Amino acid sequence: MTEQEQDQDATRYDVAAVQDKWRKVWDDLDPFRAADDGSRERRYALTMFPYPSGDLHMGHAEVMALHDVIARYWWQRGYDVLNPIGWDSFGLPAENAAIRRNEHPATYTYANIETQAESFRRYGISFDWSRRLHTSDPGYYRWTQWLFLRFRERGLAYRKFSPVNWCPVDQTVLANEQVIAGHCERCGAEVTKRELSQWYFKVTDYAQRLLDDMAGLQGRWPDRVLAMQRNWIGRSEGAHVDFAVEGREEPVRVYTTRPDTLFGATFMVVAADAKLADELVTDEQRPAFEAYLADTRKASDIDRLATDRPKTGVFLGRYATNPVNGERVPVWAADYVLADYGTGAIMAVPGQDQRDWDFASKFDLPIVRTVQPPGGWEGEAYVGEGPAVNSANDEVSLDGLDVDEAKRTITAYLERHGTGAGAVNFRLRDWLLSRQRFWGCPIPIVHCPDCGEVPVPDDQLPVELPDLRGQDLKPKGTSPLAAAEDWVNVSCPSCGGPAKRDSDTMDTFVDSSWYFLRYCSPHFEDGPFDPEAVRRWMPAEQYVGGVEHAILHLMYSRFFTKVLFDMGMVDFEEPFTALLNQGQVINQGKAMSKSLGNGVDLGEVLDEYGVDATRLTMVFAGPPEDDIDWADLSPAGAVKFLQRAWRLSGDVGSAPGTSPESGDLALRRTTHRTVHEAEQLVDSHRFNVLVARTMELVNATRKAIDSGPGPADPAVREAAEAVTVLLSLVAPYTAEEMWERLGHQPTVARAGWPAVDPALLVQESVTAVVQVQGKVRARLEVSPDVSDADLEAAALADPAVQRALDGRTVRKVIVRAPKLVNIVAS
RNA sequence: GCCCCGGUAGCCCAACGGCAGAGGCAAUGGUCUCAAACACCAUCCAGUGUGGGUUCGAAUCCCACCCGGGGCACCA
């Protein structure tokens, strides 16, 4: 080594060498395996498991760095931590890659998993590798199928023929949750409609509970996620009203949130694509109706979503009777009414609904106001508060009542007459779970010409995927499984006759709706999970992941948990006690993308700055839930700080185990205050401030060594060790290296959290601020336990205060000992 | 249109209703160096989006508005 290299060596450490050194040691020590032996209190630190697409990227690096702060903190605090990792390994990208490469999707999938697993190890995340799972393993999806059958037994999985969202690019149906503004959530293609027979989960049965139980998540889940779920569930209150229809036995039922406006219902509208429209149309009007229906079918969902589109519709030739005033009202069909919301039919009240107003104006239908608009109202439909008008019959009058009173009155009237009732409606639709693709969990159902739908018996699970690859997987609008003759043709489990397997696979969100339960007993063979293990670990105290799953994964998982609760398999109704959504990593103000050319490669960042500096940069960037712009950050600054911290470990002049009692009091106070504050900062997820406080402690320790009590002072060791443990949450390699240089055995990750001495949290003296008329006029050094009276006397006696008072009369003195005195004078 | 979150220094961000600044980036000056890099020391910069209100005192609480981000949306 040259002199220069030696010189450098004293101030820097070799990042790559340190990483290599400790990774091996950690593999041997296996320090993060959950003991699950009841010796310590348990904590479950869950992070959303990755999809194996290529290697890890900046987003993974951020979320894992944040998540690991919590997990490692819990270890240091002495908890038994469950921090598992697995892969959400079914899904389309692997299948598409397999078609391109003419291979089996498993090849691509499991190769990527290995790459990612290796990267996670390098990245130093404190996972319990013994619990690793992959949803595409037969040993896992066997239980996904088992759960599907249990759901079906409870009437919660059913098959229905209806129009569904169809992605023409991915050649599969999509759940409502996967359609974003008319486009496929995954590939961005415009979604079209198809009529297909598909499997659904009856999530709507749980709508009210999904909504109600959010109350318990308030404050522990981000507000916006709760708001998004609330929006998505879309509960509304109103009433059902039955309208008798001429020439038809059955009345037509409508749902309305404004039963108070019933006297103003001057026509009805049925969704053009609803069965009801077809039933109601008269022979005379049928040609016009058919033509209209054909037109609307041509219009894409995108067009339909445009709210400012002119209204269209067609008269069905039929009349109904308004149940409160006996008026004869025409029945129309239109595409502004949705077939699958409410009853697919509405009472149109143009006076109080702008859409109905637009329709009435266009087709010259009568408009009656039933809520008095305020004076000077110049708008069209009036949807606000006001007294009811024009709303009376022989028996009941709403006139003069406000909206709420009128609703109650008319609903009671309808109930008395058997023509309606109060009703609740939800925007939430059932979860469409069938997919016409290969690389997913097969639906364990056999279709028999004689017996119908027959579940595959539990002892024959899993229904494994056949060995298809390459071109056999090409999407053709039906599942590739349907073409696998050997696989699809089976004998009926019930009658033994020839039958066919259901050839669709499940939405991958089914796989991920219960993986957190499997983690508790990943090798359990007698069920999807060991109920005892789940009782020990669940619900997860902390879940960390992206907000993109706010309504998909998170609502489905809540649904699954509630069903399992009802089945008696778990004893809790919410799976995730607390949720943290990290922001995105962006670059130069924009999401990273190939087309913008602003992508940042994680591998290159790690090579240049090292794992610890990368993690530190992510954690320090700002509040975890905010987006972080890579262009604003300084990984080089993180490297600098880590070197600075590391240098402390070589400068400590006392032996390991030295008692800090006799150490410099000022530094000891700083150390204990910092550790104490760090506890609160981690608990409240203010990790960026945690890093800032650690930096301060490094600065204070440096100062103590260079220009304070010196390196041999025991307080310096105490401080340096505290820095090391704090740093172990964010920068495990550097912390491990420091710990060793401080004379300790690995691993610092399990060293334990420094004990805080409450006596050292009390300041010797504090600065009290004295204000006159709210302006600071003096500062007094006082004891922290100074009395209000003493502080007031000292403040009033201060010459600067006297000058400021300038002979005025003191009117009032506010004393907040020991920090502040405010004197009001005139 | 409805709902949620946010707006503090050139930038990223701190601040139980009590001195607007903890930490970092950038910039500038210095020490070290033949010079530079690294390192170290020091300095500079805002009155908290706007307007009201509550209070002895407001970045913080309340109201209205502006701007930005996100969600829902012909859902009756």
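What you see is a predicted model, and the numbers here were worked out from it, not measured in a lab. First the proteins, then the strands, lettered A, B, ... as listed; each starts at 1.
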Which part of the nucleic acid does [X] contact within heavy-atom distance under 4.0 Å: base, sugar-phosphate only, or nothing?
X	result
A/Asn822	base
A/Gln771	base
A/Pro222	nothing
A/Val769	base
A/Phe641	nothing
A/Arg429	base
A/Asn425	nothing

Under 4.5 Å between any side-chain heavy atoms of A/Val682 and A/Phe687, yes or no?
yes
Checking side-chain hydrogen bond (donor to acceptor under 3.5 Å, both in side chains) for the pair A/Glu380/A/Gln354: CA distance, chi angles, key distance, verdict?
CA-CA 7 Å; A/Glu380 300 181 330; A/Gln354 188 60 41; 2.6 Å; yes
Taking atom types as they are modelled, would you say the side chain of [X] forms a donor-acceptor pair with the base of [N] within the 3.5 Å cutoff?
X	N	result
A/Arg224	B/G70	no
A/Lys640	B/C38	no
A/Asn231	B/C72	no

Counting N and O atoms only, with roles assigned by atom type, does the side chain of A/Asn581 sit under 3.5 Å from a partner on the main chain of A/Pro222, one being a donor and the other an acceptor?
no
Whether A/Thr343 side chain and A/Arg253 backbone form a donor-acceptor pair below 3.5 Å:
yes
If the P atom of B/G24 is compared with that of B/A14, how far apart are they to the nearest Å?
15 Å
Is the phosphate of [N] approached by [X] (side-chain N or O, under 4.0 Å from OP1 or OP2)?
X	N	result
A/Asn688	B/G24	no
A/Arg427	B/A73	yes
A/Ser236	B/A76	yes
A/Lys819	B/G18	no
A/Arg686	B/C13	no

Taking B/A76, B/C13, B/G24 as options, the one with an atom nearest any side-chain atom of A/Asp626 is B/C13
Per the O4'-C1'-N9-C4 / O4'-C1'-N1-C2 angle with a 90° window around 0, B/G47 comes out syn
Given side-chain hydrogen bond (donor to acceptor under 3.5 Å, both in side chains), test A/Tyr336 with A/Asp356 step by step and report yes or no.
CA-CA 10 Å; A/Tyr336 83 94; A/Asp356 297 341; 2.7 Å; yes
Under a 3.5 Å limit on both distances, the Watson-Crick or wobble mate of B/A27 is B/U43
Return the value, rounded to whole Å, for the distance between atom CD of A/Glu625 and atom P of B/C4.
18 Å
From CG of A/Asp629 across to C1' of B/C13 the rounded distance in Å is 14 Å
Can you tell me how far the CG atom of A/Asp260 sits from the OG atom of A/Ser391, to the nearest 0.5 Å?
8.0 Å
